[in-house]
Amino acid sequence: HADGDLAKLDPLERELARSLREGGRVAALLLDLDHFKAINDRYGHHAGDTAIAFAATCMEQSVRQHDYVGRYGGEEFLIVISDCDQDLAMEIAERIRTRMDSEVISVDGHGLEISATLGLAISEHGESSESLLRRADGALYAGKQRGRNVVVCASEVLQSFD
């Protein structure tokens, strides 16, 4: 791992270790802002920064107090939902997606519509953070293939190859 990667994984590693001790599952959600580069290119980096701040607020308002929201890359975020099942994780992910999609944010007189694609995976007992993130990333990729502004669960992606 590069040092930056380790810092990103800390909350996920911590929750996976706790779930091993205490039971319960952990959800990893990867959120990618749709067409973020186009926002930056068309309206400038200030608009991009505003979009990212707006997305962060939507996420923080949609998760429970003890869940984790953090920046994972340029326009990607990692959300770690502790002690949850697939239904709860989907509900939270959908809440984030619809909250973002339902508002228009104003940047320098332009109304920007921001949407996001989310991929989520629920931990298997003893699963590594790398494996969990790889599955969430696969679900995120599938969401982008489906046209963006959707939530895709890794279990759906695996089933589609049967």
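Scope of the values below: all heavy atoms of this structure, side chains included, with no hydrogens, waters or symmetry mates.
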How far apart are the closest heavy atoms of [X] and [Y], and which atoms are they?
X	Y	value
Gly138	Val157	O-CG2, 4.4 Å
Asp34	Ile39	O-CD1, 4.5 Å
Ala51	Ile105	CA-CD1, 3.9 Å
Ala28	Ala136	O-CB, 3.7 Å
Leu132	Ile122	CD1-C, 3.7 Å
Gly143	Val152	CA-CG2, 3.5 Å

*side-chain hydrogen bond (donor to acceptor under 3.5 Å, both in side chains): which pairs involve residues 43-63, sequence neighbours left out?*
Ser62-Arg99
*Do other residues, nucleotides or ligands put more than 12 heavy atoms under 6.0 Å from Phe54 CZ?*
yes
*Please check if atom CZ in Arg148 has more than 12 non-hydrogen atoms from other residues, nucleotides or ligands closer than 6.0 Å.*
yes
Salt bridge present between [X] and [Y] (N-O < 4.0 angstrom):
X	Y	value
Glu156	Arg146	yes
Glu127	Arg135	yes
Asp85	Arg25	no

Rounded distance [0.5 Å steps], [atom1] in [X] versus [atom2] in [Y]:
X	Y	atom1	atom2	result
Arg64	Ile81	CZ	CD1	6.5 Å
Ser115	Glu103	OG	CD	13.5 Å
Cys58	Ile114	SG	CD1	9.5 Å
Asp32	Glu76	CG	CD	5.0 Å
Arg97	Ser102	CZ	OG	9.5 Å
Leu88	Glu91	CG	CD	6.0 Å

_Chi angles and distances behind the side chain to side chain contact (heavy atoms under 4.5 Å, CB included) call for Asp83, Glu22_ = CA-CA 9 Å; Asp83 202 22; Glu22 301 171 15; over 6 Å; no
Are [X] and [Y] joined in one hydrophobic group, where the rule is that I, L, V, M, F, W and Y side chains link up if heavy atoms are under 4.5 Å apart?
X	Y	answer
Leu29	Phe77	yes
Val150	Leu31	no
Leu133	Leu120	no
Phe36	Ile79	yes
Ile96	Tyr68	no

*asked:* Do Ser155 and Gln86 make a side-chain contact, defined as non-hydrogen atoms from C-beta onward lying under 4.5 Å apart?
replied: yes
_Heavy-atom check, side chain of Thr98 versus side chain of Asp101, under 4.5 Å_ = no
Give a yes or no answer on whether the side chain of [X] reaches the backbone of [Y] with a donor-acceptor pair at less than 3.5 Å.
X	Y	result
Ser131	Ser128	no
Arg18	Arg21	no
Ser82	Val26	no

*Please assess Glu75 against Asn40 for the test side chain to side chain contact (heavy atoms under 4.5 Å, CB included), listing each intermediate value before the final yes or no.*
CA-CA 11 Å; Glu75 67 273 18; Asn40 264 342; over 6 Å; no
*asked:* My understanding is that only one of Asp87, Asp67, Leu118, Val151 makes a side chain to side chain contact (heavy atoms under 4.5 Å, CB included) with Ile92; could you say which?
replied: Asp67
